[in-house]
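These figures come from a predicted structure and were not determined experimentally. Note on naming: letters A, B, ... go to the chains in the order of the sequence lines (proteins, then strands), and numbering restarts at 1 for each one.
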Protein chains: 2
Amino acid sequence: MSLDHILLGMMHEPASGYDLKREFEQSVRHFWFAELSQIYPALKKLEERGLLSSRPVPSSRGPERRVFETTGAGSEELERWLTSEPLIPKDRITYLAQLFFMGEMEDLSATEQFMERLRGSMATRLAVLEAIEAEWMGAIGIDGAALAVDGGALTEIEDDRVFHMYTTLRMGIHSLRSRVEWCDETLRAIRARQTRPRASTEDEGGSNPAIETAR
Amino acid sequence: MSLDHILLGMMHEPASGYDLKREFEQSVRHFWFAELSQIYPALKKLEERGLLSSRPVPSSRGPERRVFETTGAGSEELERWLTSEPLIPKDRITYLAQLFFMGEMEDLSATEQFMERLRGSMATRLAVLEAIEAEWMGAIGIDGAALAVDGGALTEIEDDRVFHMYTTLRMGIHSLRSRVEWCDETLRAIRARQTRPRASTEDEGGSNPAIETAR
DNA sequence: TCACTCATGTAATTGGTTACATGATTCC
DNA sequence: GGAATCATGTAACCAATTACATGAGTGA
């Protein structure tokens, strides 16, 4: 299972379920999501399988924390996963399904509105990632265009970690930019179709020169 | 649930579970996937809810077919879904998770290999979609750049359906192109990092001019 | 006092995958 | 005779979401 391996991956230093959830919200966010109610039992099972070990640690405020760390078997399992084939999930893109079937509706105005909204949320998400990138560039001297990390005061391991984190961020940026572009392309096409001359419902049959001119 | 609505969307003409599975393999494929063992119970439940009706139809070969069609309530429910907000799934991108944690490994050669393989499968998928686009351009006169559909002998409803199908295909193409570009960008950066002068493991502390020159 | 954060969990349900069962017809 | 396709389903399991339960400490 992927969540298991992600949790193992996050264990480069000891952490509790609550800590991990916070890290999910921060860095892991743009490619994975997990609820606390999923994290706690997952950690428990990993411990049963001997891939993690835990100890209780008293907390200054609130109840006792259960802090986990990797075992030897745990890091072996992580490495196996990391060196395996790239795992490409089959994606279920709900909004594409909606768009696909929107052809059944009377006119294109529903589609237009839909695409405008979609563009809005994609652009917002993109802005978030671009802001993170800008922040990083300031803080640790990442060169976006060349994707080079100017290590500065970082140790080699930290520098490598930053590099890998940064490439995943870049993927999000690439991906969202292309989605926004696709929204724009689609909106242009919708508008072109709305203003062009249309065939009547009872069509003349065969090829229609009125449509041929549309673009 | 999304699968329910997708099934409703596929019901513009009566179909059996088996028919629908075939359509999944063909057109719906690049944004959704469902097994027969998921489709059959889903259809059954939709019928119980009064959104579909079914009748047995004798088959020329093999067992009797159960053919479903939409009810009034079914198309109302579909329209509600189509006119609702664009539903953006939280994505769980397994290969990004792998890449993210690959910083823990000794050198970048594992990452390089990983990115090469990833690029390979992305490029293959892209080629498939581009081939479909080329086929459609030949068959029904779609103009890729302008995203205009030259309806030709199509009726208006068919023409609109083709338009909506085509936009979803375009999204796949945009998306995969940007992923391939991202892979290339990342591979360039990996190679630049591999050949650049590196800080020793015991680093000199503070800023390092040898790294500064890397790009 | 009330809301919020810290902190850990269980239970019920939904959505999806994998494995299994059955049997007719058609094509090589 | 054997593999492939047509056709329908059930059962067991795994992954993820939603809802619920509990309780201490902090700050307005």
Side-chain angles (χ1 to χ4, degrees), chain A residues 1-8 10 14-26 28-29 31-49 52-68 81 87-94 97, chain B residues 1-8 10 14-26 28-29 31-49 51-52 54-68 81 87-94 97:
Chain A
M1 211 236 300
S2 293
L3 177 64
D4 288 353
H5 291 105
I6 290 168
L7 292 172
L8 288 175
M10 290 165 99
S16 69
Y18 200 82
D19 293 338
L20 292 165
K21 174 61 178 171
R22 224 187 292 107
E23 221 181 302
F24 264 101
E25 299 307 320
Q26 288 160 20
V28 179
R29 207 178 177 175
F31 62 83
W32 208 272
F33 176 86
E35 294 286 354
L36 270 173
S37 58
Q38 202 189 354
I39 293 170
Y40 286 121
L43 291 171
K44 199 179 171 185
K45 270 194 184 171
L46 285 168
E47 189 172 23
E48 282 163 17
R49 289 169 57 201
L52 292 179
S53 68
S54 78
R55 70 207 137 88
V57 170
S59 166
S60 47
R61 63 208 223 98
E64 204 174 50
R65 292 155 48 79
R66 172 158 299 276
V67 172
F68 293 83
W81 183 68
L87 298 165
I88 300 171
K90 20 185 130 156
D91 30 41
R92 296 189 157 83
I93 310 174
T94 322
Chain B
M1 210 234 302
S2 294
L3 177 63
D4 288 352
H5 292 105
I6 290 168
L7 292 172
L8 288 175
M10 290 166 100
S16 69
Y18 199 83
D19 293 337
L20 293 165
K21 175 61 179 170
R22 224 188 292 108
E23 221 180 302
F24 264 100
E25 300 306 321
Q26 287 160 21
V28 180
R29 207 177 178 177
F31 61 85
W32 208 272
F33 176 86
E35 294 285 355
L36 271 173
S37 58
Q38 203 189 354
I39 293 170
Y40 286 121
L43 291 171
K44 200 180 172 185
K45 270 194 184 174
L46 284 168
E47 189 172 23
E48 282 164 16
R49 289 170 57 200
L51 305 177
L52 292 179
S54 78
R55 68 208 137 88
V57 170
S59 167
S60 47
R61 64 209 223 96
E64 203 174 49
R65 292 155 49 78
R66 173 159 298 275
V67 172
F68 293 83
W81 184 67
L87 299 164
I88 301 172
K90 20 185 133 162
D91 29 41
R92 295 189 158 85
I93 310 173
T94 323

Asker: Atom CG of A/Leu20 to atom P of C/dC6: distance rounded to whole Å?
Answerer: 14 Å
Asker: Return the value, rounded to whole Å, for the distance between atom CG of B/Leu87 and atom P of C/dG15.
Answerer: 13 Å
Asker: Along DNA chain D, 5' to 3', what are the outermost nucleotides having an atom less than 4.0 Å from a heavy atom of chain A?
Answerer: D/dA15 to D/dT26
Asker: Atom CD of A/Gln38 and atom P of C/dT14: how far apart are they, to the nearest Å?
Answerer: 17 Å
Asker: Rounded to the nearest 0.5 Å, what separation is found between the CD1 atom of B/Ile39 and the CZ atom of B/Phe24?
Answerer: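 Reported to 0.5 Å precision, the distance equals 5.0 Å.
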Asker: Report the distance from atom CG of A/Asp91 to atom CZ of B/Phe33, rounding to the nearest 0.5 Å.
Answerer: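 Answer for the CG-CZ pair, A/Asp91 versus B/Phe33, is 12.0 Å.
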Asker: So, OP1 or OP2 of C/dC6: does either fall under 4.0 Å of a side-chain N or O from A/Arg66?
Answerer: no
Asker: Quick one: B/Leu36 CG to C/dG15 P, roughly how many Å, whole number?
Answerer: 19 Å
Asker: I'd like to know if B/Ser37 reaches the base of C/dT17 with its side chain such that a donor and an acceptor end up less than 3.5 angstrom apart.
Answerer: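 In this structure, the two groups form no donor-acceptor pair.
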Asker: If you find the nucleotide of DNA chain D closest to A/Glu35 and the one closest to A/Met1, which residue's nucleotide is nearer the 5' end?
Answerer: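 Residue closer to the 5' terminus by nearest nucleotide: A/Met1.
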Asker: Might you point out which heavy atoms bring A/Pro89 and B/Arg92 nearest each other, and give the distance in Å?
Answerer: CG-O, 3.4 Å
Asker: Any idea which heavy atoms bring A/Thr94 and B/Leu87 closest together, and the distance?
Answerer: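 Heavy-atom minimum between the residues: CB-O, 3.3 Å.
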Asker: Which pairs pass salt bridge (Lys or Arg N to Asp or Glu O under 4.0 Å) with one or both residues in residues 15-24 of chain B, sequence neighbours excluded?
Answerer: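 For residues 15-24 of chain B: B/Asp19-B/Arg22, B/Asp19-B/Arg65, B/Lys21-B/Glu25.
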Asker: Any idea which heavy atoms bring A/Ala97 and B/Phe31 closest together, and the distance?
Answerer: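 Closest heavy-atom pair between A/Ala97 and B/Phe31: CA-CE1, 3.3 Å.
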Asker: Of the non-hydrogen atoms in B/Leu43 and B/Gly17, which two are nearest, and what is the gap between them?
Answerer: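 Reported closest heavy-atom pair: CD1-CA, 3.6 Å.
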Asker: Which part of the nucleic acid does B/Ser16 contact within heavy-atom distance under 4.0 Å: base, sugar-phosphate only, or nothing?
Answerer: sugar-phosphate
Asker: Could you give the NZ-to-P distance, from A/Lys21 to C/dT5, as a whole number of Å?
Answerer: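 That distance rounds to 14 Å.
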Asker: Could you grab the distance from atom OH of B/Tyr40 to atom CD of B/Glu35, nearest 0.5 Å is fine?
Answerer: 12.0 Å
Asker: List every contact pair, protein side and nucleotides 23-28 of chain C side both N or O, where the distance is under 3.5 Å.
Answerer:
residue, atom, partner, partner atom, Å
C/dT26, O4', B/Arg61, NH1, 2.8

Asker: Could you check A/Ala34 against B/Glu64 and say which one's nearest nucleotide on DNA chain D is further toward the 5' end?
Answerer: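 The residue whose closest nucleotide sits nearer the 5' end is B/Glu64.
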Asker: Of B/Leu3, B/Leu8, B/Leu7, which meets side chain to side chain contact (heavy atoms under 4.5 Å, CB included) against B/His5?
Answerer: B/Leu8
